[in-house]
Novice: 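The structure that follows is given in the form of structure tokens.
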Amino acid sequence: QVQLAESGGGSVQTGGSLRLSCARSGTYVRTTHLAWFRQAPNKEREGVAMITTDYTKTYYVDSVKGRFTISQDAAKNMVYLQMDDLKPEDTAMYFCAASVTLLARTSFFTPAKYEFWGQGTQVTVSS
């Protein structure tokens, strides 16, 4: 089993920055994709950023391109999401997720393709 724990959320004003962290622990399971999703009240869970564990690919939803950066530190079992130039529409609960299967590009942001999830960390951006 893989346990994921997010941290780093908080409240910022428009234009501010936050860095989310996701700590991975538990039994070693080879994962293929690590991703950040977010979910705002009354909205579906949305994929934000993805990185393959072999470091070859990163992928972002259009709305965060140029503002968010996903990275990982395999030695520390950490995944990060640097969020800059935050906007009120970025307000949501942010979740870290891990997949153990090879995903096609069309599935990078399909929540059902990810087997392991953290509990989430809240990000609130005020105008």
Side-chain angles (χ1 to χ4, degrees):
Q1 277 293 75
V2 174
Q3 283 86 46
L4 302 172
E6 303 92 338
S7 61
S11 296
V12 297
Q13 292 188 325
T14 298
S17 297
L18 285 172
R19 187 194 194 204
L20 305 184
S21 299
C22 174
R24 171 180 169 169
S25 62
T27 304
Y28 175 77
V29 174
R30 184 181 179 189
T31 56
T32 56
H33 299 75
L34 301 167
W36 287 93
F37 287 78
R38 65 186 179 188
Q39 188 166 19
N42 301 316
K43 291 191 176 180
E44 293 187 352
R45 192 163 294 192
E46 172 191 37
V48 175
M50 184 282 300
I51 187 168
T52 53
T53 49
D54 63 0
Y55 297 87
T56 59
K57 294 186 182 71
T58 57
Y59 196 74
Y60 299 91
V61 68
D62 286 346
S63 60
V64 307
K65 284 180 181 177
R67 300 189 298 121
F68 290 13
T69 304
I70 188 171
S71 62
Q72 62 175 324
D73 185 335
K76 296 182 179 179
N77 287 322
M78 297 292 294
V79 182
Y80 305 99
L81 185 67
Q82 177 66 40
M83 305 188 296
D84 298 318
D85 190 22
L86 282 161
K87 304 176 180 180
E89 51 264 42
D90 295 319
T91 295
M93 184 73 78
Y94 283 71
F95 299 89
C96 177
S99 173
V100 300
T101 56
L102 289 174
L103 302 178
R105 179 172 177 170
T106 53
S107 297
F108 284 170
F109 290 150
T110 302
K113 297 295 186 180
Y114 290 80
E115 292 84 1
F116 303 104
W117 291 83
Q119 295 299 308
T121 185
Q122 178 67 37
V123 171
T124 303
V125 185
S126 58
S127 57

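Sequence positions, counted from 1, serve as the residue numbers for this chain.
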Novice: Please check if the side chain of Thr52 supplies one atom and the backbone of Thr32 the other of a donor-acceptor pair under 3.5 Å.
Specialist: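 Not confirmed, Thr52 side chain does not pair with Thr32 backbone.
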
Novice: Find out whether Thr14 and Pro88 are in side-chain contact, i.e. whether some heavy atom of one side chain is under 4.5 Å from a heavy atom of the other.
Specialist: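 Yes. Closest side-chain heavy atoms under 4.5 Å.
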
Novice: Side chains of Arg38 and Val64: does their closest heavy-atom pair fall under 4.5 Å?
Specialist: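 Yes, side chains in contact.
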
Novice: For residues Thr121 and Gly8, report the shortest heavy-atom separation together with the two atoms involved.
Specialist: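 Distance-wise, the nearest heavy atoms are OG1-N, 4.1 Å.
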
Novice: Is a salt bridge present between Lys87 and Asp90, judged by a nitrogen-to-oxygen distance below 4.0 Å?
Specialist: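 No, this pair does not count.
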
Novice: Check whether any side-chain heavy atom of Gln72 lies under 4.5 Å from a side-chain heavy atom of Thr53, and answer yes or no.
Specialist: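 The answer is yes, as the side chains (C-beta and beyond) meet within the 4.5 Å cut-off.
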
Novice: Check whether any side-chain heavy atom of Tyr59 lies under 4.5 Å from a side-chain heavy atom of His33, and answer yes or no.
Specialist: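 Heavy-atom side-chain distance check fails, nothing below 4.5 Å.
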
Novice: Is the shortest side-chain heavy-atom distance between Gln122 and Thr91 below 4.5 Å?
Specialist: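 Side chain of Gln122 against side chain of Thr91, heavy atoms only: contact under 4.5 Å found.
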
Novice: Side-chain contact, heavy-atom cut-off 4.5 Å: Trp36 with Glu6?
Specialist: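 In short, these two side chains touch, coming nearer than 4.5 Å.
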
Novice: Is the closest side-chain heavy-atom distance between Gln82 and Ser71 below 4.5 Å?
Specialist: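 Contact flag for Gln82/Ser71 side chains = no.
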
Novice: List the atom of Ala92, the atom of Ala40, and the distance in Å for their closest heavy-atom pair.
Specialist: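 Looking at all heavy atoms of both residues, the shortest contact is CB-N, 3.8 Å.
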
Novice: Provide the closest heavy-atom pair for Ser99 versus Glu115 in the form atom of the first, atom of the second, distance.
Specialist: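 Of all heavy-atom pairs spanning Ser99 and Glu115, the closest is CA-OE1, 3.1 Å.
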
Novice: Picking from Arg45, Glu44, Glu46, what satisfies side-chain contact (heavy atoms from CB on, under 4.5 Å) with Gln39?
Specialist: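 Exactly one candidate clears the test, Arg45.
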
Novice: Would you say NZ of Lys43 has more than 12 non-hydrogen atoms from neighbouring residues, nucleotides or ligands within 6.0 angstrom?
Specialist: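 No, not enclosed.
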
Novice: Within a strict 4.5 Å, meaning less than it, do heavy atoms of the Val48 and Phe109 side chains meet?
Specialist: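 Contact flag for Val48/Phe109 side chains = no.
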
Novice: Quick one: closest heavy-atom pair of Ser17 and Asp84, and the distance?
Specialist: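 Scanning both residues, the minimum pair turns out to be OG-OD1, 2.8 Å.
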
Novice: For Leu4 and Phe116, work out which heavy atoms get closest and say how close.
Specialist: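 Heavy atoms of Leu4 and Phe116 come nearest at CD1-O, 3.5 Å.
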
Novice: Which of these passes side-chain contact (heavy atoms from CB on, under 4.5 Å) with Val123: Leu20, Leu81, Val12?
Specialist: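 Only one option passes, and that is Leu20.
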
Novice: Give me the atom names and distance for the closest heavy-atom approach of Ile70 to Tyr60.
Specialist: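 Here Ile70 and Tyr60 meet closest at N-OH, 2.9 Å.
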
